[in-house]
Undergrad: 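What follows is a single structure, and I will ask about it in a moment.
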Amino acid sequence: MKRKIIIISIIFFTTSILFLFFFQPIDSIADISTTPELSITDANDQEIMHIIHGHKTTPIDISKLDPKNIAILLNIEDKNFYKHSGFNINRIVKTIISNIKKNENHGASTITQQYIKNVYLNNKKSFGRKLKELYYAIKLEQVSTKDEILSGYLNCIYLGNDIYGLANGAKYYFNTSYEDLSISEMTTLVALLNAPSYYSSHLDELEEKRNKLLKVLLEDNIISSSEYSEAKHPLKFTINKNIYNSNLLYFVDGALKEFNSLDLNSKFNKPFIIKTRYHQALNSSTYNTIANYAAMAVDKEGYILSMIGDKNYYSSSYNIATKGKRDIASTIKPILYYEALKCGFSPNTMYYSGPYSFSYHNEIVTIKNFSSNYPYKNISMREALATSDNIYAIKTHQALGFKTLANHFKAYKLEANSLPSLALGSIGMSLYDLTRIYSQFFTEGTYLNFKYIEHIKRDDKKVYQRLIKHKNLGDAAHFKTIKNLMASTFDPTIPHSTAGSYAKYLKTKCYGKSGLSDFDSYMMGFNDDILVGVWAGYIDNTILEDLATKRLPKEIFIKMISSYKN
């Protein structure tokens, strides 16, 4: 009976292979539902991230890989790789016979088949999936070179600990480049392939498996006896978790979310090239602080140039810039004064800034400025913005009616309570939303629709081009007036201007507004080219007591605004 099953199985597989190889043209492959391969590029068309089947990887250049290490891989995984056409019929037949006779379940996949399984299919063990794997493997061999297939395979292999690709494996486990992997290191990574999640956490057993493979390599004359002796040393990892720039990872998450929302059809062996305006210099810096921080930058077309969700993505991938809702403190004041201009105020409208109390719901409310050194005097709207004067803001808020400012936020689909404290920023929103609101000052009247992706290509043809659709939610002349007033924030000639001491570090004329509460510190600002929003504080709402954290948003702003080159 077993003999009959073996014969039928071999005949079926042989017939299937002949049919797929000779009678199914590559054009017959329909769109597939997975997203196998993405390349995300920056403003200069340089690749910043490679994604295979949803996993971050770093492409290798096969010509830079040590030939000895290629030989190690092929000897263990697929000795006839450069000879077969995607499958190894002898290996398939032997495996069928062995599995039926011994009632076992061993595989007979070539590297090409493993690559297809990793990128296009899944690990489900079924006859249908195996046949589909064979089908795609044959077609891949018809349209790709062996080196391209080998490179693709090495880019997508899983090595445990959420690490994909040989380059990332070399950096994570041994803190080295894939070009510099030793015989022992390469053999260890190959040993991981069989059960990466298990072996990466059981080093004794991984070392034992590596040593067995080294012995096979010695017996097959892939390595010499001296190389064998040297490679058989005790296994030790040098873990490096920081494979990518932490700032980059928050940006990539946003770009991938936007890409997935487009619902584009993928095609076999046709990677998507996703063009963004990611700006390397804006994202190169990290800051030594115990506090949390978030920052973002956009250009005048609304393209996101930088998206920093926190100080360390590897500690937390939670993006504070887009998801964290915080009171916005005094950054609300330009919005308040925009409403004041609409109601007949002018930049020269004066209020006395001195001790001020008023009755609200039968209670006495007393307003003070943040600094006790601030002198009592009449000030204009320009000076009120420069010094972030609380008394001027409250008097303006009262004059307009508390509902006026609250109603302003309805255009952004944000809810605010009509309270006196609203003039001092008691409304929770994300840094992303706050930056969107500030885009109207940046553009002198246009509310920008932020996007990561400029266009997407597949097979050198554009399959998506962003259509710029921005809104005008208010009066351009009033936004322009407030913008010009915001230059006073960086004016060192105005006593107590909140960012006047930083003016000497600026390379261009800038406009902006800082904000500071017991829990949050902000710097929102722009020049003629980019808009930057920065927040610092503690996500657990620890009170801000250290001066360094209070100043951090201004320092990040200066660094980012000075780093940008169009």
Undergrad: Any chance you could measure Leu552, atom CG, to Asp546, atom CG, to the nearest 0.5 Å?
TA: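 Going from the CG atom of Leu552 to the CG atom of Asp546 covers 9.0 Å.
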
Undergrad: Side chain of Thr549, backbone of Gly537: donor and acceptor closer than 3.5 Å?
TA: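 Judged by distance alone, no pair lies under 3.5 Å.
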
Undergrad: Please examine the side chains of Leu154 and Ile62, heavy atoms only from C-beta on, and report whether any two atoms are closer than 4.5 Å.
TA: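 Yes, their side chains come closer than 4.5 Å.
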
Undergrad: OG of Ser246 to CG of Leu248: how many Å apart, nearest 0.5 Å?
TA: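 Output value for this atom pair is 9.0 Å.
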
Undergrad: Verify, without hydrogens or angle tests, whether Glu185 (side chain) and Ser182 (backbone) share a donor-acceptor contact under 3.5 angstrom.
TA: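 A pair under 3.5 Å: yes.
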
Undergrad: Output the distance between atom CD1 (Ile243) and atom CG (Asn168), rounded to the nearest 0.5 Å.
TA: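 Ile243 atom CD1 to Asn168 atom CG measures 4.5 Å (nearest 0.5 Å).
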
Undergrad: Does the pair Lys559/Glu555 count as a salt bridge with the N-to-O cut at 4.0 Å?
TA: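 Salt bridge: no.
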
Undergrad: With no hydrogens and no angle check, is any side-chain donor or acceptor of Asn283 less than 3.5 Å from a backbone partner on Asn247?
TA: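 No; zero donor-acceptor contacts below 3.5 Å.
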
Undergrad: Evaluate the side-chain proximity of Tyr313 to Asn319: yes if any heavy-atom separation is below 4.5 Å, no if none is.
TA: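 Result no, sub-4.5 Å side-chain heavy-atom pair not found.
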
Undergrad: Rounded to the nearest 0.5 Å, what separates atom CG in Asp42 from atom OH in Tyr278?
TA: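 These two atoms lie 8.5 Å from each other.
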
Undergrad: About how many Å separate CG of Leu65 and OH of Tyr178, when rounded to the nearest 0.5 Å?
TA: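 One finds 7.5 Å between OH of Tyr178 and CG of Leu65.
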
Undergrad: So, the side chain of Glu227 versus the backbone of Ser224: is there a donor-acceptor pair under 3.5 Å, distance only?
TA: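 Between the backbone of Ser224 and the side chain of Glu227 there is a qualifying donor-acceptor contact (under 3.5 Å).
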
Undergrad: For the pair Glu37 and Lys270, find out whether any cationic side-chain nitrogen is under 4.0 Å from an anionic carboxylate oxygen.
TA: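 Result for this pair is no, no salt bridge flagged.
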
Undergrad: Given side chains that start at C-beta, do those of Ser109 and Glu133 come closer than 4.5 Å, heavy atoms only?
TA: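 Yes, close enough: below the 4.5 Å cut-off.
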
Undergrad: How about Tyr287 and Tyr293: are their ring centroids closer than 6.0 Å?
TA: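 Yes, they do, as the ring centres are separated by less than 6.0 Å.
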
Undergrad: Test side-chain hydrogen bond (donor to acceptor under 3.5 Å, both in side chains) on Tyr244 and Thr58; report intermediate values, then the result.
TA: CA-CA 10 Å; Tyr244 298 107; Thr58 302; 3.1 Å; yes

Undergrad: Count the heavy atoms belonging to other residues, nucleotides or ligands that lie under 6.0 Å from CZ of Arg551, then report whether that count exceeds 12.
TA: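 No - once you tally the heavy atoms of other residues, nucleotides and ligands closer than 6.0 Å, there are 12 at most.
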
Undergrad: Report the residues that fulfil ring-ring contact (aromatic ring centres under 6.0 Å, His included) with Tyr199, sequence neighbours left out, ordered by chain and then residue number.
TA: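 Partners of Tyr199 under the ring-ring contact (aromatic ring centres under 6.0 Å, His included) test: none.
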
Undergrad: Is there a side-chain hydrogen bond (donor to acceptor under 3.5 Å, both in side chains) between Thr41 and Gln46 once you walk through the steps?
TA: CA-CA 5 Å; Thr41 65; Gln46 298 296 309; over 6 Å; no

Undergrad: Relative to Phe519, does Arg326 satisfy both conditions: NZ or CZ under 6.0 angstrom from the six-membered ring centre, and within 45 degrees of the ring's axis?
TA: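 Not flagged: Arg326 not positioned over aromatic ring of Phe519.
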
Undergrad: Can you list the steps and then say if Ile76 with Leu193 is a side chain to side chain contact (heavy atoms under 4.5 Å, CB included)?
TA: CA-CA 11 Å; Ile76 296 169; Leu193 292 175; over 6 Å; no

Undergrad: I'd like to know if the side chain of Asn161 reaches the main chain of Ile163, judged simply by a donor and an acceptor atom lying under 3.5 Å from each other, with no hydrogens or angles considered.
TA: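 It does not hold such a pair.
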
Undergrad: Taking the basic N atoms (NZ, or NE/NH1/NH2) and the acidic carboxylate oxygens, is any pair closer than 4.0 Å for Glu301 and Lys451?
TA: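 Salt bridge between Glu301 and Lys451, a charged N being under 4.0 Å from a carboxylate O: no.
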
Undergrad: I need the Asp299 CG to Leu305 CG distance, nearest 0.5 Å.
TA: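 Output value for this atom pair is 5.0 Å.
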
Undergrad: Evaluate the side-chain proximity of Lys171 to Thr176: yes if any heavy-atom separation is below 4.5 Å, no if none is.
TA: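 Counting from C-beta outward, Thr176 and Lys171 never come under 4.5 Å.
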
Undergrad: So do Tyr158 and Ser197 actually touch side chain to side chain, heavy atoms under 4.5 Å?
TA: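 Sidechains of Tyr158 and Ser197: in contact.
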
Undergrad: So which pairs with a foot in residues 49-62 pass salt bridge (Lys or Arg N to Asp or Glu O under 4.0 Å), sequence neighbours left out?
TA: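 Counting only pairs at least two positions apart or across chains, the salt bridge (Lys or Arg N to Asp or Glu O under 4.0 Å) contacts touching residues 49-62 are Lys56-Asp253.
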
Undergrad: One pair to check against side chain to side chain contact (heavy atoms under 4.5 Å, CB included): Tyr115 and Leu150. What are the steps and the verdict?
TA: CA-CA 8 Å; Tyr115 171 68; Leu150 186 58; over 6 Å; no

Undergrad: Measure from the side-chain N and O atoms of Tyr173 to the backbone N and O of Leu159, and report whether any donor-acceptor pair falls under 3.5 Å.
TA: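 Side chain of Tyr173 to backbone of Leu159, a donor-acceptor pair under 3.5 Å: yes, one is there.
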
Undergrad: Taking the side chain as every heavy atom from C-beta outward, state whether Lys68 and Ile183 have any pair of such atoms under 4.5 Å apart.
TA: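 Counting from C-beta outward, Lys68 and Ile183 do come under 4.5 Å.
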
Undergrad: Is the shortest heavy-atom distance from the side chain of Arg210 to the side chain of Leu235 under 4.5 Å?
TA: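 Heavy-atom side-chain distance check passes, below 4.5 Å.
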
Undergrad: Report the C-alpha separation of Lys117 and Gln114 in whole Å, then their side-chain angles, then the decisive distance to 0.1 Å, and conclude whether the side-chain hydrogen bond (donor to acceptor under 3.5 Å, both in side chains) test is met.
TA: CA-CA 5 Å; Lys117 181 189 71 174; Gln114 291 179 55; 6.0 Å; no

Undergrad: Using 30° and 60° as the class boundaries, would you call the ring planes of His84 and Phe81 parallel, tilted or perpendicular?
TA: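 Because their plane-to-plane angle is over 60°, the rings of His84 and Phe81 count as perpendicular.
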
Undergrad: Got a salt bridge between Lys300 and Asp529, using NZ or NE/NH1/NH2 to carboxylate O under 4.0 Å?
TA: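 Result for this pair is no, no salt bridge flagged.
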
Undergrad: Could you work out, with ring-ring contact (aromatic ring centres under 6.0 Å, His included) as the rule, every residue matching Tyr564, not counting sequence neighbours?
TA: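 With sequence neighbours excluded, Tyr564 shows a ring-ring contact (aromatic ring centres under 6.0 Å, His included) to His279, given in chain and number order.
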
Undergrad: Please walk me through it: do Lys209 and Glu205 pass salt bridge (Lys or Arg N to Asp or Glu O under 4.0 Å)?
TA: CA-CA 6 Å; Lys209 182 174 178 62; Glu205 293 179 50; over 6 Å; no

Undergrad: Look only at the side chain of Ser151 and the backbone of Asp147, and say whether a donor-acceptor pair between them is shorter than 3.5 Å.
TA: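 Pair found, side chain donor or acceptor close to backbone of Asp147.
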
Undergrad: Can you name the residues that form a ring-ring contact (aromatic ring centres under 6.0 Å, His included) with His455, not counting sequence neighbours?
TA: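 ring-ring contact (aromatic ring centres under 6.0 Å, His included) list for His455, sorted by chain: empty.
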
Undergrad: Go through Phe268 and Tyr136 one step at a time and tell me if the ring pair (Phe, Tyr, Trp, His ring centres under 6.0 Å) criterion holds.
TA: CA-CA 8 Å; Phe268 179 74; Tyr136 282 124; 5.0 Å; yes

Undergrad: Is there a donor-acceptor pair closer than 3.5 Å between any side-chain N or O of Asn260 and the backbone N or O of Leu256?
TA: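 Side chain of Asn260 to backbone of Leu256, a donor-acceptor pair under 3.5 Å: yes, one is there.
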
Undergrad: Is there side-chain contact between Leu544 and Ser521, with at least one heavy-atom pair below 4.5 Å?
TA: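 Touching, per the 4.5 Å side-chain cut-off.
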
Undergrad: Can you confirm whether the side chains of Thr112 and Glu141 place a donor and an acceptor under 3.5 Å from each other?
TA: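 There is such a pair between these side chains.
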
Undergrad: Taking ring-ring contact (aromatic ring centres under 6.0 Å, His included) as the cut-off, I'd like each qualifying pair that reaches into residues 209-235, sequence neighbours left out, listed once.
TA: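 Passing the test, one end in residues 209-235: no pairs.
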
Undergrad: What residues, two or more places apart in sequence or in another chain, satisfy side-chain contact (heavy atoms from CB on, under 4.5 Å) together with Asp310?
TA: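 Scan of Asp310 (side-chain contact (heavy atoms from CB on, under 4.5 Å), adjacent residues dropped) gives Tyr250, Asn292, Ile320.
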
Undergrad: Hey, do the aromatic rings of Tyr464 and Phe272 have their centres closer than 6.0 Å?
TA: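 Between Phe272 and Tyr464, which both carry aromatic rings, the centre distance is not below 6.0 Å.
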
Undergrad: Count the heavy atoms of every other residue, nucleotide or ligand shown that sit under 6.0 Å from CG of Asp540, and state whether that count exceeds 12.
TA: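 More than 12 within 6.0 Å, yes.
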
Undergrad: Is the number of heavy atoms from other residues, nucleotides or ligands within 6.0 Å of CD (Glu230) greater than 12?
TA: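 Not more than 12 within 6.0 Å, no.
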
Undergrad: Assess whether a salt bridge exists between Lys550 and Glu545, defined as any Lys/Arg side-chain N lying under 4.0 Å from an Asp/Glu carboxylate O.
TA: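 Answer for the salt bridge query: no.
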
Undergrad: Short question: side chain of Asn80, backbone of Lys83 - any donor-acceptor pair under 3.5 Å?
TA: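 Side chain of Asn80 to backbone of Lys83: no pair is present.
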
Undergrad: Has Ser39 got a side-chain atom pairing as donor or acceptor with His50's backbone, closer than 3.5 angstrom?
TA: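 Absent.
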
Undergrad: Kindly give the heavy-atom pair with the smallest separation between Ile304 and Tyr432, and that separation in Å.
TA: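 Shortest heavy-atom contact: CD1-CE1, 4.2 Å.
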
